[in-house]
Amino acid sequence: MRANEITEILDRPISRELPARHVARLAYVAKDGTPRNIPIAFTWNGSEIVMCTTKNAPKLPALRENPMVALTIDTEVHPPKILLIRGRAERENA
């Protein structure tokens with residue numbers, strides 16, 4: 001996507017509402033090659049989705065090997081409001 005397309009999507013009312021939630025579902029490929037989908041707490045800092053985990057979390061070696069992820073942020077009510085994000089995870093040491 002081009003930067004202007006991302007900005008247009010993030011400026012939509014639903015896209016502004018959903019990052020205020022606290023739990024998302026992170027999908028990634030595990031070291032054994034099978035897909036994983038886990039709940040994870042996150043925060044939106046205005047330009048990035050930030051997720052934290054323990055240093056010994058099984059997902060970290062898998063993400064080093066294959067950083068491609070998908071993230072779902074949604075509501076529990078019907079019909080759900082859903083924000084789907086795909087991209088590359090980047091790791092920072094705190």
Side-chain angles (χ1 to χ4, degrees):
M1 288 184 110
R2 293 184 299 259
N4 65 322
E5 293 173 312
I6 294 169
T7 300
E8 186 260 315
I9 290 170
L10 291 176
D11 282 342
R12 294 177 186 169
I14 190 115
S15 296
R16 289 191 307 261
E17 175 186 337
L18 289 172
R21 300 188 54 81
H22 300 289
V23 177
R25 285 183 284 284
L26 175 67
Y28 66 97
V29 179
K31 293 276 288 179
D32 66 3
T34 60
R36 297 286 192 276
N37 191 346
I38 60 164
I40 190 164
F42 76 96
T43 188
W44 170 250
N45 70 10
S47 61
E48 298 173 316
I49 293 173
V50 180
M51 297 169 273
C52 297
T53 192
T54 60
K55 291 181 180 184
N56 63 346
K59 65 184 150 294
L60 291 179
L63 290 170
R64 271 190 226 91
E65 190 171 302
N66 182 356
M68 300 310 295
V69 297
L71 191 72
T72 301
I73 306 168
D74 58 0
T75 60
E76 293 83 21
V77 296
H78 188 73
K81 297 175 182 176
I82 303 169
L83 180 59
L84 303 171
I85 303 167
R86 292 178 292 170
R88 177 179 299 273
E90 295 180 9
R91 181 178 170 198
E92 284 187 18
N93 293 324

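Everything numeric here is computed off the predicted structure, so don't read it as measured data.
Considering only residues two or more places apart in sequence or on other chains, T53 meets the side-chain hydrogen bond (donor to acceptor under 3.5 Å, both in side chains) condition with K59. With sequence neighbours excluded, no residue satisfies side-chain hydrogen bond (donor to acceptor under 3.5 Å, both in side chains) with N37. Judged as a side-chain contact (heavy atoms from CB on, under 4.5 Å), and not counting sequence neighbours, the contacts of P80 are T75, H78, I82. Every residue two or more places apart in sequence or in another chain was checked for a side-chain hydrogen bond (donor to acceptor under 3.5 Å, both in side chains) with R88, and none qualifies. Under the rule for a side-chain hydrogen bond (donor to acceptor under 3.5 Å, both in side chains), R64 has no partner lying at least two apart in sequence or in another chain. With sequence neighbours left out, E76 forms a salt bridge (Lys or Arg N to Asp or Glu O under 4.0 Å) with R21.
The two residues C52 and I40 come nearest to each other via the heavy atoms O-CD1, 4.2 Å. What you find for R86 and A70 is that their closest heavy atoms are CG-CB, 4.1 Å. Closest approach of K55 and L60 over heavy atoms only: O-CD1, 3.6 Å.
The shortest distance between side-chain heavy atoms of L71 and F42 does not fall below 4.5 Å.
Cluster membership for I38 and I49, using ILVMFWY side-chain heavy atoms within less than 4.5 angstrom, is shared. Cluster annotation: I85 and V29 are assigned to distinct hydrophobic clusters (Ile/Leu/Val/Met/Phe/Trp/Tyr, side-chain heavy-atom contacts under 4.5 Å, transitive).
Residue pairs that meet the side-chain hydrogen bond (donor to acceptor under 3.5 Å, both in side chains) test with at least one member in residues 25-35, sequence neighbours left out, are R25-D74, K31-E65, D32-T34, T34-R36.
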